[in-house]
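These notes concern the structure reproduced below.
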Amino acid sequence: MKPILIIIFMLFSSSVFAEEIRAELQNQVDTIAKCNELQYKTVGMGAASEQYKHYEKLRDSASIEELLTLLKNINSVVKAYAGWALADRKYPFLNDIFAEFLATDEIVHYQRVCIGGDFHIASTLYFRIRSQGHLFEITDQDSIFFQSQISKMDSLLLYSDKDIFVKTYALENNKANQKTYERIKKLAEVEWNTDALIALAQYRKKEDIPFFISQGKESFEAISYFPDKGFWDFLLSFKSTEKSLDYFIALSRFQDEAALDVLKEICPSCTLEQITKLDKALIKNYCPLYKDLILKIWEEKKTIDYTITQKFIAQNPEKASESFVKGLLTAEKFNLIEIDYNYGTDELILPLMLQTIAIHDSEKLIPICNKNVLSADFLELKPFLDCIESNHLSQTTDNLLSRLRVNTTKYDIFHIAKTLLSFKNSETNMSLKEIMQQRKSIWDSGTWSESIHELLDKHGIGIE
């Protein structure tokens with residue numbers, strides 16, 4: 001097998017040095033080198049990257065042999081782009097290129113939208129190969145090919161002494177591979193990083209428990225992948241001093257009565273920041289045993305995420321509605337959270353709760369809305385206004401007018417006025433006009449001014 005690999009490598013090397021770069025391609029190469037930055041398709045605030053356009057021209061017009069030649073270019077960005085081009089064109093020996101990149105200490109500066117930084121050149125190729133399915137439409141066969149390349153690169157990373165970012169992915173992809181146990185154990189013992197500890201924990205070997213315990217707090221996240229009772233006394237020893245997310249995740253991963261009792265005991269002494277961590281851990285490791293504690297945290301601290309809100313509604317909408325009402329009537333500020341990169345889902349929580357209450361406890365909407373139109377902050381106010389308007393809750397008129405009289409944003413002023421006008425009540429409209437006239441200096445400039453004027457004029461309320 002080794003002679004075959006040597007022959008392939010020799011052929012690969014000879015092809016690298018054999019090909020000259022055409023003049024028209026050299027212009028693209030020189031432009032890329034002059035910019036000297038590995039740019040993605042968009043940079044800054046979403047502007048199209050001219051550097052990336054030069055890369056695309058290079059990728060699409062160069063021969064495979066020319067791209068292989070560019071892997072030896074003196075400029076690291078040119079080399080990185082040549083690697084990208086070969087990945088995009090499904091070159092069959094991407095792993096060989098990765099091995100060459102990995103053997104160097106070359107760093108390139110990259111820019112992707114508004115994020116930039118320095119990356120090892122091998123990492124840039126790894127990410128390009130890993131992202132093929134997101135960048136392009138690929139076939140199942142292509143997907144198998146790229147996955148095989150990633151597997152080979154992961155093996156190189158695991159057995160390399162290079163400490164580069166993408167080694168994290170190799171450890172994550174290991175999935176307790178029995179063939180790599182000894183190497184993973186060595187990495188965990190020598191490198192002492194969380195990713196290696198987690199990779200080792202996934203083997204769930206009892207003989208490794210003393211090693212994890214010896215790592216102290218560093219082992220908490222790893223223990224969540226290996227919830228063995230051999231760790232229990234170790235975890236309990238931190239009960240009065242530790243309130244980190246990793247600690248809560250380790251405890252909650254046991255998903256039994258003992259874990260619930262400890263978490264319930266810790267909960268009352270937590271700050272809001274710590275409550276957020278506890279709630280995230282309970283949701284991440286959710287089991288039916290944790291339901292009442294999660295609802296209690298919502299009712300007392302107004303802390304919850306969208307996924308668990310959906311789950312509770314699906315399981316028992318009546319009980320969920322009852323709990324939602326309790327939380328929405330408390331004096332605490334909202335602490336709506338997002339888990340596992342579910343960006344923007346916090347904005348969906350209140351509308352979903354109010355919809356559920358409208359179905360199962362509709363008589364509670366008036367006190368809920370009356371309270372929250374006075375106390376809700378900025379964006380949290382809008383769901384209550386929408387609820388008032390869609391359910392025609394004119395009983396909230398006095399509180400809406402009161403909110404309109406105090407300092408509030410132009411955004412709020414527009415939406416409160418819109419809600420009040422939806423009642424189509426002449427007396428309410430007169431009160432609205434008086435307040436808007438008094439507060440004209442607050443809202444009649446800049447953003448929202450034109451929209452507010454249009455809204456008022458539409459309903460026959462002219463403001464001088």
4.5 Å side-chain heavy-atom contact, Glu332 and Leu272 = no
Taking the side chain as every heavy atom from C-beta outward, state whether Ile297 and Cys267 have any atom pair closer than 4.5 Å.
-> yes
Where do Ile223 and Phe254 come nearest, in terms of heavy atoms and distance?
-> CG2-CE1, 4.4 Å
Quick one: pull up NZ in Lys239 and CD1 in Ile266 and give me the separation to the nearest 0.5 Å.
-> 7.5 Å
Which residues share a ring-ring contact (aromatic ring centres under 6.0 Å, His included) with His453, sequence neighbours left out | Trp443
List the steps and the verdict of salt bridge (charged side-chain N to carboxylate O under 4.0 Å, His left out) for Lys53 and Glu56.
-> CA-CA 5 Å; Lys53 290 178 182 177; Glu56 289 183 313; over 6 Å; no
Ser244 side chain to Glu242 side chain, donor-acceptor N/O pair below 3.5 angstrom = yes
What heavy-atom pair brings His360 and Pro317 nearest, and what distance separates the two atoms?
-> NE2-CB, 3.4 Å
Does Lys410 NZ have over 12 foreign heavy atoms under 6.0 Å away?
-> yes
Judged by atom type as modelled, is there a donor-acceptor pair below 3.5 Å linking the side chain of Tyr52 to the main-chain atoms of Thr42?
-> no
Gap separating the CG atom of Leu102 from the CG atom of Leu157, nearest 0.5 angstrom = 6.0 Å
Those residues at least two apart in sequence (or on a different chain) that pass ring-ring contact (aromatic ring centres under 6.0 Å, His included) with Phe414 are Trp448
Heavy-atom distance under 4.5 Å between the side chains of Gln51 and Val77, does that happen here?
-> yes
Separation of Asp292 CG from Lys319 NZ (nearest 0.5 Å) | 4.0 Å
Checking salt bridge (charged side-chain N to carboxylate O under 4.0 Å, His left out) for the pair Arg204/Asp228: CA distance, chi angles, key distance, verdict?
-> CA-CA 8 Å; Arg204 299 193 173 194; Asp228 189 278; over 6 Å; no
Note: Ile184 and Leu200 closest approach over all heavy atoms is CG2-N, 3.5 Å
Pairwise distance OG1(Thr428) to CG(Leu420) - rounded to 0.5 angstrom | 6.5 Å
For Glu273, does the CD atom sit with more than 12 other heavy atoms under 6.0 Å from it, leaving out its own atoms?
-> no
How far does OG1 of Thr104 sit from NE2 of His120, to the nearest 0.5 angstrom?
-> 4.5 Å
If you draw a 6.0 Å radius around CD in Glu137, do more than 12 non-hydrogen atoms from other residues or ligands fall strictly inside?
-> no
Return yes if a side-chain donor-acceptor contact under 3.5 Å exists between Ser76 and Glu106, otherwise no.
-> yes
Indicate whether any N or O donor in one side chain lies under 3.5 Å from an N or O acceptor in the other, for Glu299 and Ser323.
-> yes
Flag the pair Glu189 and Lys186 as a salt bridge only when some basic side-chain nitrogen lies within less than 4.0 angstrom of an acidic carboxylate oxygen.
-> no
Do Asp279 and Thr303 have a side chain donor and acceptor closer than 3.5 Å?
-> no
Going by atom types alone, do Tyr306 and Gln310 pair a side-chain donor with an acceptor below 3.5 Å?
-> yes
Is the distance between the ring centroids of Phe234 and Phe212 under 6.0 Å?
-> no
Taking the side chain as every heavy atom from C-beta outward, state whether Ile150 and Met153 have any atom pair closer than 4.5 Å.
-> yes
With no hydrogens and no angle check, is any side-chain donor or acceptor of Asp305 less than 3.5 Å from a backbone partner on Ile308?
-> yes
Are there more than 12 heavy atoms of other residues, nucleotides or ligands under 6.0 Å from atom CD of Glu363?
-> yes
Keeping the roles fixed (side chain from Asp246, backbone from Phe220), state whether a donor-acceptor pair exists under 3.5 Å.
-> no
Partner set under salt bridge (Lys or Arg N to Asp or Glu O under 4.0 Å) for Lys440, not counting sequence neighbours = Asp444
Please step through side chain to side chain donor-acceptor pair (under 3.5 Å) for the pair Glu218 and Asn193, ending with a clear verdict.
-> CA-CA 8 Å; Glu218 296 298 319; Asn193 67 54; over 6 Å; no
Are any of the side-chain heavy atoms of Lys382 and Pro351 separated by less than 4.5 Å?
-> no
So, Ser402 and Asn399: side-chain donor and acceptor under 3.5 Å apart, yes or no?
-> no
Can you say whether the rings of Tyr126 and Phe98 are parallel (under 30°), tilted (30 to 60°) or perpendicular (over 60°)?
-> tilted
Between Asp195 and Lys167, is there a side-chain N and carboxylate O pair less than 4.0 Å apart?
-> no
Gap separating the NZ atom of Lys277 from the NZ atom of Lys243, nearest 0.5 angstrom | 11.0 Å
In Tyr169, Tyr203, Tyr181, the residue satisfying side-chain hydrogen bond (donor to acceptor under 3.5 Å, both in side chains) with Asn174 is Tyr203
Mark yes when over 12 heavy atoms from residues, nucleotides or ligands other than Asp261 sit less than 6.0 Å from its CG; otherwise mark no.
-> yes
On the 0 to 90° scale, with breaks at 30° and 60°, tag the Trp298-Phe324 ring pair as parallel, tilted or perpendicular.
-> perpendicular
Is the count of non-hydrogen atoms from other residues, nucleotides or ligands lying under 6.0 Å from Arg439 atom CZ greater than 12?
-> yes
Does some side-chain heavy atom of Arg403 sit less than 4.5 Å from a side-chain heavy atom of Leu385?
-> no
